[in-house]
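Take a look at the structure set out below.
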Amino acid sequence: MALFCDWLKQRGCDVVTCRDPGSTALGEQIREVLLHSDDQTPIARRSEMLLYMAARAQMVDEIIRPALAARRTVVSDRYVLANVVYQGYAGGLDVDTIRDVSHVATDGIWPDAVFLLDMPPEAADLRLSRELDRMERQGSDYRRRLSRRFPRRGIAARQ
C-alpha cells in the first residue's frame, strides 16, 4: 500500500490513507476488540461483521467523505469486499445481507478500483511468525477458504 501511495503521490495525487478497521478514535477501539479479544470473549460472526461496519461508518464520516469532497485520493487497506469474503463466504453469513449492511455503513461510497494482492495460503502461514491476532488464530483452513473465495476479477460488491 505504501509503494502504491508513493506512486500516486509522484503523479501529483493528494493521497489519504485508511486502515480498516481503524483510522479514527472509535475505529481503533473497535479494531482492538476485533483483533485482540481473547478466546474467553467469543465474538459471533454477525457481531463481528457489525463491528467492522461500525468502524467503517465512522471512517467514512470522519475521513473518506471529507477527503473525497476535497478531491483527494483515498486508499484503504480493506473495505467491503473483505467482509463479503471473511464473514460471508468463509464465515457463513449471507453475502447479500453483508452487502445491504455495508451500503448503510458506507452511505453508498464505493471504491473506483480494488486491488487484490494474493499469495498461496501456505506462504501466508509462513509469514505469521509474530503473535497471532484473533482473525489469524482461526487457522489455516479458514485462510484457505478465504483464499478460494476472493474474486480474481471484478468487484463482489453491489453498488
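The first residue in the sequence is number 1, and the count goes up from there.
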Check Ser23 against Ile63 and note the closest heavy-atom contact, atom names and distance. O-CD1, 3.0 Å
Identify, with sequence neighbours excluded, every residue that meets side-chain contact (heavy atoms from CB on, under 4.5 Å) alongside Asp94. Asp96, Thr97
Looking at Arg45 and Gln87, would you say the former's side chain and the latter's main chain have a donor-acceptor pair under 3.5 Å? no
Who passes side-chain contact (heavy atoms from CB on, under 4.5 Å) against Ile30, sequence neighbours left out? Leu26, Leu34, Leu51, Ala54, Ala55
Any chance you could measure Arg65, atom CZ, to Met59, atom CE, to the nearest 0.5 Å? 12.0 Å
Suppose clustering is done on Ile, Leu, Val, Met, Phe, Trp and Tyr with side-chain heavy atoms closer than 4.5 Å. Which residues sit in the same group as Val104? none
Leu8 with Phe115, same ILVMFWY side-chain cluster at under 4.5 Å: yes
Give me the atom names and distance for the closest heavy-atom approach of Thr106 to Arg56. CG2-CD, 3.7 Å
Not counting sequence neighbours, list each pair that qualifies as a ring pair (Phe, Tyr, Trp, His ring centres under 6.0 Å) and has a residue in residues 54-81. none
Please answer whether the main-chain N or O of Gly88 pairs with a side-chain N or O of Asn83 as donor and acceptor at a distance below 3.5 Å. no
Who are the side-chain contact (heavy atoms from CB on, under 4.5 Å) partners of Cys5, not counting sequence neighbours? Met1, Val15, Thr17, Val75
Atom pair CG/CD of Asp61 and Gln58 - distance to nearest 0.5 Å: 6.5 Å
How close do Pro21 and Arg31 get, counting heavy atoms only, and between which atoms? O-NH1, 2.7 Å
Give the minimum heavy-atom separation between Asp77 and Asp20, together with the two atoms involved. OD1-N, 2.8 Å
Which residues pass the side-chain hydrogen bond (donor to acceptor under 3.5 Å, both in side chains) test with Glu28, sequence neighbours left out? Arg19
